[in-house]
2 protein chains.
Amino acid sequence: MNALTVVFVAALFSLLVAFFYGFRVYRLRLPREAVETKKLTEIAEAISEGAMAFLSREYKVIGLFLMLMAVLIFFLLDNKVTTDFHEGIYTAISFITGAVISSLSGFIGMRIATIGNVRTAYVAKSSFSRAFEVAFQSGAVMGFGLVGLAILGMAILYSVIRVLGHTVEVHILMECLAGYGLGGSAVALFGRVGGGIYTKAADVGADLVGKVEKGIPEDDPRNPAVIADNVGDNVGDIAGMGSDLFGSVAEATSAALVIGATAALLAQNENFLLYPLLISAFGVPIAFITTLFARLKENGNVERALKLQLWISTVLMALLMGWVTNEYLPDTFVLGGKSISRWYVYTAFLTGLFSGLLIGLVTEYYTSHSYTPTREVAGAAQTGAATNIIYGLALGYQSALVPVLLLIITMAISNLLAGMFGIAIAALGMLSTIAIGLTIDAYGPVSDNAGGIAEMAELGKEVRHRTDKLDAAGNTTAAVGKGFAIGSAALTALALFSAFIVRSEVSSGRSFSLNILDPYVFGGLMWGALLPFLFSALTMKSVGKAALDMVEEVRRQFREIPGLMEKKNRPDYKRCVDISTKAALREMVLPGLLVLLTPLLVGYFFGTETLAGVLSGSLVSGVVLAVAKANAGGAWDNAKKFIEATAGGKGSEHHKAAVVGDTVGDPFKDTAGPSLNILIKLMAITSLVFADFFVHYGGLLRRLLS
Amino acid sequence: MNALTVVFVAALFSLLVAFFYGFRVYRLRLPREAVETKKLTEIAEAISEGAMAFLSREYKVIGLFLMLMAVLIFFLLDNKVTTDFHEGIYTAISFITGAVISSLSGFIGMRIATIGNVRTAYVAKSSFSRAFEVAFQSGAVMGFGLVGLAILGMAILYSVIRVLGHTVEVHILMECLAGYGLGGSAVALFGRVGGGIYTKAADVGADLVGKVEKGIPEDDPRNPAVIADNVGDNVGDIAGMGSDLFGSVAEATSAALVIGATAALLAQNENFLLYPLLISAFGVPIAFITTLFARLKENGNVERALKLQLWISTVLMALLMGWVTNEYLPDTFVLGGKSISRWYVYTAFLTGLFSGLLIGLVTEYYTSHSYTPTREVAGAAQTGAATNIIYGLALGYQSALVPVLLLIITMAISNLLAGMFGIAIAALGMLSTIAIGLTIDAYGPVSDNAGGIAEMAELGKEVRHRTDKLDAAGNTTAAVGKGFAIGSAALTALALFSAFIVRSEVSSGRSFSLNILDPYVFGGLMWGALLPFLFSALTMKSVGKAALDMVEEVRRQFREIPGLMEKKNRPDYKRCVDISTKAALREMVLPGLLVLLTPLLVGYFFGTETLAGVLSGSLVSGVVLAVAKANAGGAWDNAKKFIEATAGGKGSEHHKAAVVGDTVGDPFKDTAGPSLNILIKLMAITSLVFADFFVHYGGLLRRLLS
């Protein structure tokens, strides 16, 4: 079958699967006569409303911003080709398409999650394994829906641009497609940063007053911030994670297309050219087959079932791609001046694929309390909060060792075998199992919410116990998912960086050597290495400030609403949702500007070499910092849980010290850490999209100085 | 006067000044009849003994290690020159000389500090301004002694090698001198890492049991760890800081000589060649004149007096070097293929000189509680330890912005004007006021110790109040000193990196282009960026472990020694000193190996390009991390003091939260942060010394793979 057809079929099939699972979840209506139904529906609606309120306000801000960006793209990428094909227009269209699809994916994810959570809670009354299925299938809607939309959008854009620009060289057309990735990642910026701030402001605010000051349990309906907290889980872990990974797929694909299109043989033959898209396309049937294995016996081991999903999809994908490579790639082809065998490309794919799995497993080792590192952190809490913090930070730093080594190996092997094209393929390899990855990621917040709903609706201990078990497995896989997201972001950024170099070379007509010894490059490198730290400082302080607002509001409600503690009056959930929403939107401006303006200003004033230095610097320090932050946060969280389960339990000094670590870890793992994924990718894709502009008009200050 | 003569005269003059100030402090014998004398002497001797015990044991370990390194140098740098000049021998001799002089400087500093502290305490009984003078002059012994020894050693080595190797090209001779820097920095590794672990193990151990568990004040003689704590101040802030800065001077000078010697004109004319040494030499008279202004009225402002020292020496140095440049440098000369005016060199010098001052001042802004950032951290402690930690970490990250920008500007200007030679000169410019910088640095621990001694000898409130005022000023200037140490380490590392490139080019006979796009370079860059994090993880955990040992010992003594709390029995100070010593020596092995083996293994297996990548990566992420750690630590410390002085004071929840931050900050600012200075410099100097070996025998694995 022709490659483009395969992509379309896979995209439609993926959406069908999403619809299928979505329907299975949706038709599980709660029986009208049941006592809990009213309560359950009320709570679920409050969460759903809160989530939608946030999304709609966020999307307004995003919409405004997108228009500005689109205008910028239109004017900066003017027509330098001899035909009447205007690069700016098509890039802007790709950009808007990417942004809209990314937003849509986020919306679908949030919608199904807020439908799935209450149904999971309800089903958990009768069966553990059925509850698992409902949560898992809700996740699958997100996974398949997002992948389907991502490749469908790409395929349509590709077809349209190809037809309209049939007189233009293919590599210029592919450059326009990079706008698609930029659109996706721009939305992800708001999703990750804004969502990250939202969820942690609510979480920290709810805990500091509820648990610490008032001594009421987690998810207690008397806590005014409890709905905001549950909304936050969806906002951060569903919409944020979804747009992050959507961005990765779109960006890695554009990078591969931009690089691949410079190879004459690839550019001429569509089957070869679309190989990058085929990787994502063939990932769909594999993912679907894998979900069929997602069965659980009553009282089965959820964690194992979920991890098995990752293994199955990875192995099947490795096998299938062997056939695809044989079928769709020429024996050898010439790219970047060297001859590349198709099996080199396949090897690059494999290194990415397996690195992703390994990074996930190492992340689990460092953050699960089944292993030594997290237990050491828990032990250090015995001498107080300070030692707990020191050990947690050290764990985070150390945990970056293996992922960084794996990235180095992947990058080196794929680059040595297949040049910069190899790096892009490795990134796509890592992302090829993403439908399953996203399913598992989205499963987490759904079960977490289900637990919250069960608590608030007072469904009883047995139900809560079941949802807790579902949630616990979700926590572990969430850590795996975060490691995977960072790893794929790093590889994607590297692929984009490579594409940026290739495009700059094509635009400037000269070979690009990036000499570290050039002060303009080294200065860029230093500035780039600093950026992730600055960005983290901003996001961490934002969470602090937003949480402070929340704490004051929750305290006020406990003080001013009479009979709140005695359950005579209900708290004003909406106010808290509102505070989180406003804080998130306000606080994401500064870090957002830092990320977006840096490549534009550096490129304009200092030119492509300095910009390349900035990208490399932010990549190498950003990856380490992101892994360190995510894992330290995860370890503190689980160290606290370990202490609750074993030594002393809640209320002891030991436990209090662990709570400090957990609270510090919250913005680490859910805001600052994941936001860094966006930082490194977004700067790289911005550079790629505007590369042509920088080559022709950039380096203003540098020219003035020399 | 001929340049070499100037250097010798300046070296001897510097030693004379050191001797002069040393004599003035030493002759202040305590009156035998005074009641306190016996007590004071006892305490002072205990501190002095502890310090010497640590030094002698540390030096044994160092000695063994030095021999191994010397042998390695001898064998790896074999004779590849046609004459019978053996590079390995002379480099090994330089290496040993550097190490011995560095150790000697540390020894002298510790000796005078442990003599000065008790005299400061005693003099504080009668006069505040006199006490200041004694502490300041003790510091000056360290400052002038170290600088004198550093340039004397360099000058002697230079003369000897020049005579013995008169048949050999000058640039090869200068390469041998790089061994001197390596020796200095190798000792600094143990000084900073071992010393940093020692001081914080004792400090944290003493505080956790004494202040927190037993509720006795700081420096209480009943606390068994109190002597170890006071010893630690000397070990970390005197010996450690001294060997660190000695290393910087020696290394920056070698870098400048190696680079300069490749310029024909410079190599032929000794006056030009020795310009780098002249910078340090002319720094001596300037520093001496500056110290004459170190006067204080009774109840004068100590902090202002100390900061004035920095300003005076900076301004005078800027003026004098204008004359020196005019006198000793040729109008223009050719280096690295481009013609360089002497005023370009002077400008490079100035950028380094003033960057150093500015970095110091910015550091003060971020760490003093007179300004907003630290007050924000103090405010954040109101909502608990977690927010205090989050704000402190964010402050640290943010505080790196200006120093990194200053470094970029310095590096870019000096490089664009005078090539790699310019960078080395900028580093020396920053270090040119080091005699004053060290004086002020050493002043801090002397006053701190004086306070401790006053408390232990029960000299009364008035005396303690006076020493506290001296100490407070010392704390602020210590932060300035740390910022300065990091900044100069970064520039020195950059200079060494440049020298490494130049030497590799000379050795390989081809021009060196360091292409980031080469996977071998990029892989190195990633690994390099990871190293500072790994290294910090090791040192931070080491402090944690060592502190735990100390806590147990202090608890044991309180439990087992009857009447300790009632002052009927004395604690066993020696045991605690012993524990800190052993822990420090044991725990410095792993981080030490990481730093030393990385360049050797990378160079041998992957070659000079990858090694250059590692150096750049560790430099760019290391500087940010070092600044962030040092400043976060300083801010937490002062936030706690701010809360003590204003809101609520000791014992409140607010204060307890701040104590957590302070305890986390201790290893940040005194162990992990400063150790990173060594990491980046030591890897660079090791690469420089072994550059020739790597060029000829390195890259084993790379050759196998290609």
Side-chain angles (χ1 to χ4, degrees), chain A residues 208 212 380 383-387 389-391 393-395 397-398 400-401 404 407-408 411-412 415-416 498 501 512-517 519-523 525-530 533-534 536-538 540-541 543-544 547-548 551 612-613 616-617 620-621 623-624 628 660 663-664 667 705, chain B residues 208 212 380 383-387 389-391 393-395 397-398 400-401 404 407-408 411-412 415-416 498 501 512-517 519-523 525-530 533-534 536-538 540-541 543-544 547-548 551 612-613 616-617 620-621 623-624 628 660 663-664 667 705:
Chain A
L208 276 183
V212 181
T383 34
T387 34
I389 297 287
I390 291 174
Y391 269 70
L393 288 171
L395 174 142
Y397 292 166
Q398 266 180 315
L401 174 61
V404 168
L407 285 172
I408 292 177
M411 182 270 303
N415 192 349
L416 290 172
S498 309
I501 299 291
F512 214 79
S513 163
L514 205 56
N515 193 353
I516 297 189
L517 308 173
Y520 282 105
V521 176
F522 200 87
L525 197 68
M526 284 188 87
W527 177 250
L530 173 70
F533 290 89
L534 268 190
S536 292
L538 291 176
M540 274 162 53
K541 275 181 84 171
V543 172
L548 229 62
V551 165
S616 330
V620 296
S621 84
V623 172
V624 182
V660 173
T663 316
V664 173
L705 284 174
Chain B
L208 277 182
V212 180
T383 33
T387 34
I389 297 287
I390 292 175
Y391 269 69
L393 288 171
L395 174 142
Y397 292 166
Q398 266 180 317
L401 174 62
V404 168
L407 286 171
I408 292 177
M411 183 270 302
N415 192 348
L416 290 173
S498 310
I501 299 292
F512 214 81
S513 162
L514 204 58
N515 193 353
I516 297 190
L517 309 173
Y520 282 104
V521 176
F522 199 87
L525 197 69
M526 283 188 87
W527 176 249
L530 173 71
F533 290 89
L534 269 190
S536 293
L538 291 176
M540 274 163 51
K541 274 181 86 170
V543 172
L548 229 62
V551 165
S616 332
V620 296
S621 83
V623 172
V624 182
V660 173
T663 315
V664 172
L705 284 173

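Bear in mind the structure is a predicted one, so any value in this text is a computation, not a measurement. Letters go in sequence order (proteins before strands), and every chain restarts at 1.
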If you count heavy-atom pairs within less than 4.5 Å of chain B, which of [options] leads?
| options | result |
| --- | --- |
| A:Ala529, A:Gly528, A:Gly384 | A:Ala529 |
| A:Val521, A:Leu416, A:Leu530 | A:Leu530 |
| A:Leu517, A:Leu548, A:Thr663, A:Ile389 | A:Leu517 |
| A:Val620, A:Leu514, A:Val664 | A:Leu514 |

Legend entry - chain A contact via B:Leu395 - side chain, backbone, both or neither, heavy atoms under 4.5 Å: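 No part of B:Leu395 comes within 4.5 Å of chain A.
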Cut-off 4.5 Å, heavy atoms of chain A, and the answer for B:Ala628 is neither
Closest heavy-atom pair and its distance - [X], [Y]:
| X | Y | result |
| --- | --- | --- |
| B:Ala394 | A:Met540 | N-CE, 4.2 Å |
| B:Pro519 | A:Ala412 | CB-CA, 4.2 Å |
| A:Gln398 | B:Ala537 | CG-CB, 3.7 Å |
| B:Leu407 | A:Met526 | CB-CE, 4.0 Å |

Are any of the side-chain heavy atoms of [X] and [Y] separated by less than 4.5 Å?
| X | Y | value |
| --- | --- | --- |
| A:Tyr397 | B:Leu534 | no |
| A:Asn415 | B:Phe522 | no |
| A:Ile390 | B:Pro667 | yes |

Polar side-chain atom of B:Asn515 near backbone of A:Asn515 as donor-acceptor pair, under 3.5 Å =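 The answer is no, because no donor-acceptor pair under 3.5 Å joins these two groups.
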Engaged part of [X] at the chain B interface, taking heavy atoms whose separation is under 4.5 Å:
| X | value |
| --- | --- |
| A:Ala400 | both |
| A:Leu705 | neither |
| A:Ile501 | side chain |
| A:Leu538 | side chain |

Rounded to the nearest 0.5 Å, the CG atom of A:Leu393 sits from the OG atom of B:Ser536 at a distance of 10.0 Å
- Drop me the distance from B:Thr387's OG1 to A:Leu208's CG, to the nearest 0.5 angstrom.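 One gets 7.0 Å once the value is rounded to the nearest 0.5 Å.
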*So which of B:Val623, B:Val543, B:Ile408 has the largest heavy-atom pair count under 4.5 angstrom toward chain A?*
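With the most close heavy-atom pairs to chain A, the winner is B:Ile408.
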message: Quick check on the interface: out of B:Thr383, B:Ile516, B:Val404, who has the most heavy-atom pairs with chain A under 4.5 Å?
response: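 Option with the top pair count is B:Ile516.
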B:Ser616/A:Leu525 under side-chain contact (heavy atoms from CB on, under 4.5 Å): CA gap, chis, key distance, verdict
CA-CA 9 Å; B:Ser616 332; A:Leu525 197 68; 4.1 Å; yes
Go through the structure and list residues passing ring pair (Phe, Tyr, Trp, His ring centres under 6.0 Å) with B:Tyr520, not counting sequence neighbours.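 So B:Tyr520 forms no ring pair (Phe, Tyr, Trp, His ring centres under 6.0 Å) with any residue.
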Exercise. Give the intermediate values and the outcome of side-chain contact (heavy atoms from CB on, under 4.5 Å) for residues B:Trp527 and A:Leu401.
Key: CA-CA 9 Å; B:Trp527 176 249; A:Leu401 174 61; 3.5 Å; yes
